[in-house]
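One structure is given here, and the rest of the page talks about it.
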Amino acid sequence: MLSIDKTIAGEAVATVDPVALEKSISSATEALLGYRQSDGHFVFELEADSTIPSEYILLRHYLAEPVDSALEAKIANYLRRTQGNHGGWPLVQDGAFDMSASVKSYFALKMIGDSVDAPHMVRAREAIRSHGGAARVNVFTRFLLAFYGVLSWRAVPVLPVEIMLLPTWSPFHLNKISYWARTTIVPLMVMAALKPLAKNPKGVGIDELFLQDPRSVGMTAKAPHQSWGWFTLFSTLDKILRVIEPLFPKKLRQRAIDAALAFTEERLNGEDGMGAIYPPMANIVMMYEALGKGPDYPPRAVTRKGIEKLLVIGEHEAYCQPCVSPVWDTALTCHALAEAGGEETLEKMKQGLDWLTPRQVLDLKGDWAAKAPDVRPGGWAFQYNNAYYPDLDDTAVVVMAMDRARRASGSKEYDQAISRGREWIEGLQSRDGGWAAFDVNNLEYYLNNIPFSDHGALLDPPTEDVTARCISMLAQLGETAGSNKAVADGIAYLRRTQLAEGSWYGRWGLNYVYGTWSVLCALNAAGVDHQDPMIRKAAAWLVSIQNRDGGWGEDAVSYRLDYKGFEGAPSTSSQTAWALLGLMAAGEVENPAVVRGVEYLKATQTEKGLWDEARYTATGFPRVFYLRYHGYSKFFPLWALARYRNLRSTNSRVVGVGM
């Protein structure tokens, strides 16, 4: 129900019925708290596309593990359900055909036992062949197919394990690539040296997906993001390495393999796995198999057990998560609970923060220290345990949640954690003024032109969304551009990176709505005047892209390299919440667009108090890998509704926290 409240610029503006709003907030809070774990933390499913569950099936058959028919049947159900209308598999719900996802999904279903003559398999095969055949898969898929003997090793880039022995000043060094690439490549290099063959007891192949003899497939073509000059140079180096690699001394190769094993075993991370993400974990298990280490060999066994912990098994379907997100989920939920308020709710928030406190990494310098050796550790990782790879985004969000609790209670119990988190983040600002997710000064952009980097995600450079989060944290702790050089340099970075339309890029959330929300929160917290042209342009852009139903939505196609403007999509609860939070941070609480957005969230709330969201609204790697956080539709809409209620009850209408 809408009621007329006041007039802005001559236009009658409706406001939200406060009783109905309070009912929505209360219902959402109760439903969200229903997901609380017994020890106070929150963790929601983290779903990617069909590639990870497909790779899980292929891993089991690579190793010739006993067939778990019940589990395979559930994963097959998941794969069949996620097949697109185009016959292949997309990277996001209702997305375009993706070759690598389609080939892996077809291969997995065939391995499980689906007949190649089944209608869904025929459609998939026709779609793959009509898009040029399986020779067009990406590099990571080519490695998998080489392990299965489908492709020859001529079809994959040379990845000499001797890279492990290169000095830090060399053009290519592990310290110059992202943590996810580093942890994935190290075991992969060992396998590339040993060239193992999958056991594949069923003898399943996929030659029918190619338009040519698979063994005749050569190297990958230049990827769209790669420049001809750099690509030609690196392709020439690849050809030279292909000739001279067999001549490398055996002792040198063994030294390099030993170095790779040492790197791996130092970072194994128990059942959470090296890097706590699926690709390196799977590669490690296959690497030990190639080295002749049996299933009971402790490093292999513990990693293999960790992979099982990534499975989500339901009554009819199952899939494998790329990783788990308890720290991120708990920290963001704490912010939503802080906004919702109420004595009991705030007590539950505190329990979440108390769960987070001991997970701060204070005693281990991870890989980030290679470029910041004098900085003390103090970050939080995304997963349960991942001490070598804490991230700045999580750390900033945790610190801000702890600071909110500190403000509310006056307690000093989080002071040390806040101080160390802040110190770590300030120490990891890159020289361009921005902040990255895991590393500092990971700016060797030329490396995205090597043949291995056809995905364009080899690096972890600063991005607008993470930069904004770090500024938000520093500003919430009292810093301004005038008092703190890091904040000043960060704001200058954001001024440079704003697009002409008014938006900012979102690296880890989809996409410009996410980036613009993040930046507006940071600018507001840092005290940038709401009338600053940068803020005015961004707020106007958010209003201009609102859907007719009052919500906001953005499609993954917005990451296209030739982006020319906003790519609209059906409204989602999480993207609507981001837009609302961004507009309110910009001082637009009274804007009719905000009222329409709040009404959209109220109207789409389910009887259970939450929101249904099938669309993917988060990003692993732009254009390559997307994520569906099942928690986003549970805490972000509550956060936005409660923020609106809270601001409407104040005279200043100003958001007083960093996000």
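Within 6.0 Å of the NZ atom in Lys293, the count of heavy atoms belonging to other residues, nucleotides or ligands does not exceed 12. Counting heavy-atom neighbours within 6.0 Å of Arg255 CZ, excluding the residue itself, gives a total of 12 or less. The local environment of CG in Asp39 is crowded, with over 12 non-hydrogen atoms from other residues, nucleotides or ligands closer than 6.0 Å. Within a 6.0 Å sphere centred on NZ of Lys250, other residues, nucleotides and ligands contribute 12 heavy atoms or fewer. By the 6.0 Å contact criterion, NZ on Lys305 is open, its count of non-hydrogen atoms from other residues, nucleotides or ligands being 12 or less. Annotation: Asp258, atom CG; neighbour count of heavy atoms from other residues, nucleotides and ligands within 6.0 Å is above 12. Counting non-hydrogen atoms of other residues, nucleotides and ligands closer than 6.0 Å to CZ of Arg136 gives a total of 12 or fewer.
Between the side chain of Arg125 and the backbone N or O of Val116, at least one donor-acceptor pair lies under 3.5 Å. Using a distance-only test at 3.5 Å, with no hydrogens or angles considered, a donor-acceptor pair links the side chain of Asn442 to the main chain of Lys176. Formation of a donor-acceptor pair under 3.5 Å by the Arg215 side chain with backbone atoms of Val150 is found in this model. Side-chain atoms of Asp329 come within 3.5 Å of backbone atoms of Phe44 as a donor-acceptor pair (strictly under, hydrogens ignored). Panel note: side chain Asp465, backbone Arg507; a donor-acceptor pair is recorded below 3.5 Å. No donor-acceptor pair under 3.5 Å is formed between the side chain of Thr51 and the backbone N or O of Ala101. Although no hydrogens or angles enter the test, the distance criterion places a donor-acceptor pair under 3.5 Å between the side chain of Thr82 and the main chain of Leu79. Here the side chain of Asp439 pairs no donor or acceptor atom with the backbone of Asp460 at under 3.5 angstrom. Looking at Tyr514, its side chain never comes within 3.5 Å of a backbone N or O of Ala618 through a donor-acceptor pair. Put simply, the side chain of Arg129 never gets that close to the backbone of Leu209: no donor and acceptor are under 3.5 Å apart.
Scanning both residues, Ile206 and Phe107, for their nearest heavy atoms gives CG2-CD2, 3.6 Å. Scanning all heavy atoms of the two residues, the minimum distance from Pro53 to Tyr78 falls at CG-CE2, 3.9 Å. Nearest heavy-atom pair across Arg142 and Val137 is NE-O, 3.4 Å. In terms of heavy-atom proximity, Pro201 sits nearest to His61 at CD-O, 3.4 Å. Among all heavy-atom pairs drawn from Trp180 and Ala457, the shortest one is NE1-O, 2.8 Å. Scanning both residues, Cys320 and Ile307, for their nearest heavy atoms gives SG-O, 4.5 Å.
The side-chain heavy atoms of Glu271 and Asn385, taken from C-beta on, include no pair separated by under 4.5 Å. With contacts defined as side-chain heavy-atom distances shorter than 4.5 Å, the pair Glu72/Met111 does not qualify. By the 4.5 Å heavy-atom criterion applied to side chains, Ile284 and Arg300 are not counted as neighbours. Side-chain contact between Leu151 and Val156 is absent, with no heavy-atom pair separated by less than 4.5 Å. Residues Lys104 and Glu55 meet the side-chain proximity criterion, which asks for heavy atoms closer than 4.5 Å. Inter-residue side-chain proximity for Phe438 and Trp368 is flagged as unmet; no heavy-atom pair is nearer than 4.5 Å. In this structure, Met121 and Lys110 have side chains that are in contact, with non-hydrogen atoms separated by less than 4.5 Å. With contacts defined as side-chain heavy-atom distances shorter than 4.5 Å, the pair Tyr445/Leu459 qualifies.
In summary, the side chains of Tyr319 and Glu45 do present a donor paired with an acceptor at a separation below 3.5 Å, with no hydrogens or angles considered. Ser574 and Glu613 are linked by a side-chain donor-acceptor pair at a separation below 3.5 angstrom, with hydrogens and angles left out of the test. At a cut-off of 3.5 Å, with distance as the only test, a side-chain donor of Thr141 or Asn138 sits close to an acceptor on the other residue. In this model, no donor atom of one side chain and acceptor atom of the other lie less than 3.5 Å apart for Tyr626 and Gln93. Using a 3.5 Å distance cut-off with no hydrogens or angles, the side chains of Tyr56 and Gln321 do not pair a donor with an acceptor. A donor and an acceptor atom, one from each side chain of Gln575 and Thr572, are located under 3.5 Å apart.
Lys74 is linked by a salt bridge (charged side-chain N to carboxylate O under 4.0 Å, His left out) to nothing, counting only residues two or more places apart in sequence or in another chain. A search for side chain to side chain contact (heavy atoms under 4.5 Å, CB included) contacts involving Glu126 returns Val122, not counting sequence neighbours. Shown here are the salt bridge (charged side-chain N to carboxylate O under 4.0 Å, His left out) partners of Glu265, two or more places apart in sequence or in another chain: there are none. His86 pairs by the side chain to side chain contact (heavy atoms under 4.5 Å, CB included) definition with Pro90, Phe97, not counting sequence neighbours.
Summarising the geometry, atom CE belonging to Met287 is positioned 8.0 Å from atom OG1 belonging to Thr303; distances are rounded to the nearest 0.5 Å.
Applying the side-chain hydrogen bond (donor to acceptor under 3.5 Å, both in side chains) rule to pairs touching residues 156-170 yields Glu162-Arg253, sequence neighbours excluded. Residues in residues 247-288 take part in these ring-ring contact (aromatic ring centres under 6.0 Å, His included) pairs, two or more places apart or across chains: Tyr288-Tyr297.
For Lys634 and Tyr35, the positive end sits near the middle of the six-membered ring, less than 6.0 Å away and at most 45° from its axis.
Of the options Phe382, Tyr389, Tyr388, a ring-ring contact (aromatic ring centres under 6.0 Å, His included) to Tyr179 is made by Tyr389 and by none of the others.
Salt bridge status for Glu47 with Arg615: absent, with no side-chain N to carboxylate O gap under 4.0 Å.
Between Phe147 and Phe143, the angle of the ring planes lies from 30° to 60°, which puts this pair in the tilted group.
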Problem - Test side-chain contact (heavy atoms from CB on, under 4.5 Å) applied to Leu261 and Leu291, step by step - result: CA-CA 10 Å; Leu261 289 173; Leu291 289 166; 3.6 Å; yes
Exercise for the section: Show your reasoning for whether ring pair (Phe, Tyr, Trp, His ring centres under 6.0 Å) applies to Tyr505 and Tyr559. Expected result: CA-CA 9 Å; Tyr505 177 78; Tyr559 285 106; 5.8 Å; yes
